[in-house]
Amino acid sequence: MNNKTVLVTGGAGYIGSHACIELLQAGFKVVVVDNLSNSKPESLTRVQQITGKSLSFYQADIRDKQALTEIFAKESPDTVIHFAGLKAVGESCEQPQLYYHNNVYGTLVLTEVMSQANVKQLVFSSSATVYGESSCPQYTEDFALGAINPYGRSKAMIEDILRDLSAADKISPTESPWKIALLRYFNPIGAHESGLIGEDPNGIPNNLMPYVAQVAIGKLTQLSVFGDDYPTRDGTGIRDYIHVVDLVKGHINAIAALNSEKFAAGACKAYNLGAGRGYSVLEIINAFEKVTGKTINYKISPRRAGDLAECFANPDLALKELDWKVEKTLDDMVTDTWNWQTKNPQGYI
Ligand code: NAD
Ligand code: UD1
């Protein structure tokens with residue numbers, strides 16, 4: 001036990017549950033706040049089973065100021081990792097108010113409660129989706145922002161709010177300074193190697209990896225490959241896939257950085273969390289076929305609106321300042337996805 005407490009919003013979800021494992025294994029006390037709108041408490045039962053350690057769970061909405069205030073008073077966290085949010089791009093276009101209310105207003109309430117409790121170290125789940133289209137497919141943190149859908153804009157707005165908040169910080173003998181890491185994830189996939197926790201999407205998945213996994217296991221009949229006429233090496237879209245366990249380790253390193261002298265008081269800094277190389281849709285299908293021995297039934301379909309041809313991270317800043325880089329391979333990502341999928345064909349039940 002390192003005597004530090006981390007409050008994890010959205011900790012029952014896909015990435016949050018993996019983060020809880022790493023935090024518990026690193027000796028942190030973990031407090032999860034999740035309204036279970038897109039997760040099941042079983043994920044946290046399994047986190048405790050994997051680690052042999054317990055955590056505190058509060059079923060609460062981050063927009064509920066009174067509930068959050070009481071949780072902060074009871075648990076006295078040192079740091080917050082803020083995963084709670086809605087994340088489906090298509091749904092965000094249909095229900096923008098829901099997305100802005102949940103993600104943006106939710107973050108406002110959270111930071112108000114943090115200010116009042118003088119808890120001002122925050123690691124935020126941002127996304128590569130905040131970047132605008134660029135002629136260079138490898139994104140550095142200083143690229144212009146320009147999200148193209150309400151989900152992405154909700155992340156960009158939150159980044160703006162957090163930058164404003166840290167800029168407004170006054171040096172005070174009684175108050176801690178804000179220290180904020182904005183982690184811009186590229187494409188998280190994979191699952192914990194135990195196969196006990198993983199991604200459990202509601203309904204038909206929007207993202208490539210869970211879709212491929214459900215075709216492989218026979219839940220879905222055919223994958224649509226959205227476009228084979230992009231200016232890429234095989235015509236299909238290229239993305240920077242990152243193993244979820246590598247991704248959450250970046251959060252542990254971010255907490256260490258926030259606690260160090262290197263991270264200036266009042267700083268709010270963005271870091272890309274990606275591998276720095278991309279795979280095409282066809283390369284993902286091939287990797288899946290190789291690992292599972294199954295044939296993935298697919299057809300070429302029209303491009304999906306809003307998709308880029310190619311997008312991958314320049315992760316140099318995270319290496320330099322967070323001492324972080326990916327360790328796992330595409331084979332690991334596919335093997336662990338398949339292990340989770342075959343052990344839990346219906347997800348958490
Ligand atoms: P997820 O849906 O599995 O987890 C989010 C969790 O937040 C869920 O458990 C949900 O119940 C909870 N939640 C949502 N709104 C809440 C609220 N108002 N109050 C309390 N709890 C709430 O999603 P994930 O894939 O684990 O993503 C975690 C974070 O990372 C999200 O903020 C997401 O936008 C961001 N992100 C995800 C990806 C990805 O590909 N998965 C990529 C980039 C960024
Ligand atoms: C999507 C979201 C992005 C979010 C990211 C999180 C969109 C437009 N973007 O990004 O905001 O941050 O997920 O991981 O939804 N593909 C297929 N068939 C499918 C699904 C996907 O061919 O059924 C292709 C896509 O065209 C893309 C690649 O697979 O080239 C990856 O798609 P996906 O997993 O949805 O991720 P992103 O589009 O990068």
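Heavy atoms only: backbone and side chains are in, while hydrogens, waters and symmetry mates are out.
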Chemist: May I ask you to decide if Pro137's main-chain N or O and Ser134's side chain share a donor-acceptor pair within less than 3.5 Å?
Modeler: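 Not a single qualifying donor-acceptor pair exists.
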Chemist: Counting heavy atoms not belonging to Asp323, are there more than 12 under 6.0 Å from its CG?
Modeler: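 Atom CG in Asp323 is not crowded, with 12 or fewer foreign heavy atoms closer than 6.0 Å.
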Chemist: Distance-only, no hydrogens or angles: does the Asp240 side chain make a donor-acceptor pair with backbone N or O of Ala313 under 3.5 Å?
Modeler: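 Checked: pair present.
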Chemist: Report yes if the side chains of Leu23 and Ile255 come closer than 4.5 Å at any heavy-atom pair, otherwise no.
Modeler: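 The answer is yes; the side chains approach within 4.5 Å.
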Chemist: Please work out whether the ring planes of Trp338 and Phe288 are parallel, tilted or perpendicular, with thresholds of 30° and 60°.
Modeler: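 Judged by the thresholds at 30° and 60°, the geometry between Trp338 and Phe288 is perpendicular.
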Chemist: If only atom types and distance count, is the side chain of Asn253 paired as donor or acceptor with the main-chain N or O of Leu322 below 3.5 Å?
Modeler: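 Yes; judged by distance alone, with no hydrogens or angles, the pair exists.
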Chemist: If you measure from OH on Tyr58 to CG on Asp64, what distance do you get to the nearest 0.5 Å?
Modeler: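 So the gap between those two atoms works out to 13.5 Å.
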Chemist: Work out which heavy atom in Val245 is nearest to a heavy atom in Ala191; give both atom names and the distance.
Modeler: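 Here Val245 and Ala191 meet closest at CG2-O, 4.3 Å.
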Chemist: Could you check if a side-chain atom of Leu7 sits within less than 4.5 angstrom of a side-chain atom of Val119, using non-hydrogen atoms only?
Modeler: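 In short, these two side chains do not touch, never coming nearer than 4.5 Å.
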Chemist: Evaluate whether atom NZ of Lys219 has more than 12 neighbouring non-hydrogen atoms of other residues, nucleotides or ligands under 6.0 angstrom away.
Modeler: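 Atom NZ in Lys219 is packed in, count exceeds 12.
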Chemist: How far apart are the closest heavy atoms of Tyr348 and Leu196, and which atoms are they?
Modeler: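 Looks like CE2-O, 3.7 Å.
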Chemist: In Å, rounded to the nearest 0.5 Å, how long is the span from CG of Asn149 to CD of Glu91?
Modeler: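 So the gap between those two atoms works out to 12.0 Å.
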Chemist: Counting heavy atoms not belonging to Tyr298, are there more than 12 under 6.0 Å from its OH?
Modeler: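 No, the 6.0 Å shell around OH holds no more than 12 heavy atoms from other groups.
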Chemist: Over 60° means perpendicular and under 30° means parallel, so classify the ring planes of His18 and Tyr14, tilted if in between.
Modeler: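 Geometry flag for His18 against Tyr14: perpendicular rings.
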Chemist: Suppose we screen for side chain to side chain contact (heavy atoms under 4.5 Å, CB included). Which residues come up paired with Asp316, at least two apart in sequence or across chains?
Modeler: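 For Asp316, the residues satisfying side chain to side chain contact (heavy atoms under 4.5 Å, CB included) (neighbours in sequence not counted) are Asn314.
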Chemist: Group every Ile, Leu, Val, Met, Phe, Trp and Tyr by side-chain heavy-atom contacts under 4.5 Å, then state whether Ile238 and Val212 land in the same group.
Modeler: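 In one cluster with Ile238: Val212, no.
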Chemist: Gln66 vs Glu70, test: side-chain hydrogen bond (donor to acceptor under 3.5 Å, both in side chains). Steps then yes/no.
Modeler: CA-CA 6 Å; Gln66 193 183 334; Glu70 285 168 14; 3.2 Å; yes
Chemist: How far apart are the closest heavy atoms of Ala12 and Ser43, and which atoms are they?
Modeler: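 Closest heavy-atom pair between Ala12 and Ser43: O-OG, 2.8 Å.
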Chemist: Hydrophobic clustering (ILVMFWY, side-chain heavy atoms < 4.5 Å, transitive) - are Val130 and Leu165 grouped together?
Modeler: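 Not linked; separate clusters.
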Chemist: Would you say the ring centroid of Tyr185 lies under 6.0 angstrom from that of His251?
Modeler: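 For Tyr185 and His251, the ring centres are under 6.0 Å apart.
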Chemist: I'd like to know if the side chain of Asp78 reaches the main chain of Thr5, judged simply by a donor and an acceptor atom lying under 3.5 Å from each other, with no hydrogens or angles considered.
Modeler: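 Yes, Asp78 side chain to Thr5 backbone: donor-acceptor pair under 3.5 Å.
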Chemist: Determine whether the aromatic ring centres of residues Phe263 and Trp178 are separated by less than 6.0 angstrom.
Modeler: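 No, ring centres 6.0 Å or more apart.
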Chemist: Nearest 0.5 Å please: distance from the CD1 atom of Ile21 over to the CG atom of Leu55.
Modeler: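 If I round to the nearest 0.5 Å, the distance is 10.0 Å.
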Chemist: Establish whether Leu282 and Tyr230 are linked, either directly or via other cluster members, by ILVMFWY side-chain heavy-atom contacts under 4.5 Å.
Modeler: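 No, separate clusters.
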Chemist: Over 60° means perpendicular and under 30° means parallel, so classify the ring planes of Tyr151 and Tyr99, tilted if in between.
Modeler: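 Rings of Tyr99 and Tyr151: perpendicular, as their planes differ by over 60°.
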Chemist: For residues Ala287 and Leu330, report the shortest heavy-atom separation together with the two atoms involved.
Modeler: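 Taking every non-hydrogen atom into account, CB-CD2, 3.7 Å.
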Chemist: Going by side chain to side chain donor-acceptor pair (under 3.5 Å), Asp336 matches just one of Lys328, His243, Gln341. Which one?
Modeler: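 The single option meeting the side chain to side chain donor-acceptor pair (under 3.5 Å) with Asp336 is His243.
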Chemist: Could you give the distance from CG (Asn103) to CZ (Arg63), rounded to the nearest 0.5 Å?
Modeler: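 Taking CG in Asn103 and CZ in Arg63, the distance rounds to 9.0 Å.
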Chemist: Show your reasoning for whether side-chain hydrogen bond (donor to acceptor under 3.5 Å, both in side chains) applies to Thr329 and Asp331.
Modeler: CA-CA 5 Å; Thr329 63; Asp331 257 23; 5.6 Å; no
Chemist: Apply salt bridge (charged side-chain N to carboxylate O under 4.0 Å, His left out) to Arg277 and Glu283, showing your working.
Modeler: CA-CA 13 Å; Arg277 49 101 195 89; Glu283 287 164 352; over 6 Å; no
Chemist: Do we see a donor-acceptor contact under 3.5 Å between the side chains of Tyr139 and Arg184?
Modeler: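 Judged by distance alone, the side chains do not pair up.
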Chemist: For atom NZ of Lys40, is the number of surrounding heavy atoms from other residues, nucleotides or ligands below 6.0 Å larger than 12?
Modeler: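 Result for NZ/Lys40: enclosed.
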Chemist: Counting N and O atoms only, with roles assigned by atom type, does the side chain of Lys179 sit under 3.5 Å from a partner on the main chain of Ala257, one being a donor and the other an acceptor?
Modeler: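 No.
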Chemist: Check this for me: Lys343, atom NZ, are more than 12 non-hydrogen atoms of other residues, nucleotides or ligands nearer than 6.0 Å?
Modeler: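 Above 12, so yes.
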Chemist: When clusters are formed by joining ILVMFWY residues with side-chain heavy atoms under 4.5 Å apart, either directly or through shared neighbours, do Ile189 and Ile296 land in the same one?
Modeler: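 Shared cluster, yes.
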Chemist: Could you check whether atom CD of Gln48 has more than 12 heavy atoms from other residues, nucleotides or ligands sitting under 6.0 Å from it?
Modeler: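 Yes, CD of Gln48 has more than 12 neighbouring heavy atoms, counting only those of other groups under 6.0 Å.
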Chemist: Main chain of Glu193, side chain of Asn339: is a donor-acceptor contact present, judged purely on distance under 3.5 Å?
Modeler: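 Yes; at least one donor-acceptor contact below 3.5 Å.
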Chemist: Can you measure from CD (Glu327) to CG (Asp246) and round to the nearest 0.5 angstrom?
Modeler: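 Answer for the CD-CG pair, Glu327 versus Asp246, is 6.0 Å.
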Chemist: Do Ile81 and Ile242 share a hydrophobic cluster, counting only Ile, Leu, Val, Met, Phe, Trp and Tyr and linking them when any side-chain heavy atoms are less than 4.5 Å apart?
Modeler: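 Hydrophobic grouping puts Ile81 with Ile242.
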Chemist: Side chains of Arg163 and Leu182: closer than 4.5 Å at any heavy-atom pair?
Modeler: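 In short, these two side chains touch, coming nearer than 4.5 Å.
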Chemist: Check whether any side-chain heavy atom of Ile284 lies under 4.5 Å from a side-chain heavy atom of Thr236, and answer yes or no.
Modeler: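 Answer no - side chains too far apart.
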Chemist: Looking at side-chain heavy atoms only, is the closest gap between Ile217 and Thr342 below 4.5 Å?
Modeler: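 Contact flag for Ile217/Thr342 side chains = yes.
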Chemist: Which residue, Glu321, Glu141, Lys320, forms the side chain to side chain donor-acceptor pair (under 3.5 Å) with Tyr271?
Modeler: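 Among Glu321, Glu141, Lys320, the one meeting side chain to side chain donor-acceptor pair (under 3.5 Å) with Tyr271 is Glu321.
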Chemist: For Val31 and Lys74: C-alpha separation, side-chain torsions, deciding distance, then whether side chain to side chain contact (heavy atoms under 4.5 Å, CB included) applies.
Modeler: CA-CA 11 Å; Val31 178; Lys74 182 152 180 251; over 6 Å; no
Chemist: Does any part of the side chain of Ile15, heavy atoms only, come nearer than 4.5 Å to the side chain of Ser125, both counted from C-beta?
Modeler: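 No, their side chains stay 4.5 Å or more apart.
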Chemist: Can you tell me if Arg46 and Asn344 form a side-chain donor-acceptor pair at under 3.5 Å?
Modeler: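 Side-chain D/A pair, Arg46 to Asn344: present.
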Chemist: What do the steps show when you test Tyr131 against Asn272 for side chain to side chain contact (heavy atoms under 4.5 Å, CB included), and what is the final call?
Modeler: CA-CA 11 Å; Tyr131 291 117; Asn272 286 339; 2.6 Å; yes
Chemist: Search all heavy atoms of Ser194 against all heavy atoms of Ile50 and return the closest pair with its distance.
Modeler: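 Here Ser194 and Ile50 meet closest at OG-CD1, 3.4 Å.
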Chemist: Check this for me: Glu133, atom CD, are more than 12 non-hydrogen atoms of other residues, nucleotides or ligands nearer than 6.0 Å?
Modeler: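 Open: at most 12 neighbouring heavy atoms sit under 6.0 Å from CD of Glu133.
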Chemist: Would you say that Gln95 contacts Leu86 through its side chain, given a criterion of any heavy-atom pair below 4.5 Å between the two side chains?
Modeler: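 Of all side-chain heavy-atom pairs linking Leu86 with Gln95, none is under 4.5 Å.
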Chemist: Could you pull out the closest heavy-atom pair between Gly250 and Leu273, with the gap in Å?
Modeler: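 For Gly250 and Leu273, the tightest heavy-atom pair comes out as CA-CD1, 4.3 Å.
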Chemist: With a 4.5 Å limit on heavy-atom distance, are the side chains of Val47 and Leu24 in contact?
Modeler: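 Contact flag for Val47/Leu24 side chains = yes.
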Chemist: Going from CD1 on Ile62 to CG on Asn35, what distance comes out if it is rounded to the nearest 0.5 angstrom?
Modeler: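 Rounded to the nearest 0.5 Å, the CD1-CG separation comes out at 8.0 Å.
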Chemist: Before you tell me yes or no, could you show the steps for Met209 and Tyr241 under side chain to side chain contact (heavy atoms under 4.5 Å, CB included), namely the whole-Å CA-CA distance, both residues' side-chain angles and the distance that decides it to 0.1 Å?
Modeler: CA-CA 9 Å; Met209 198 59 165; Tyr241 297 95; 5.6 Å; no
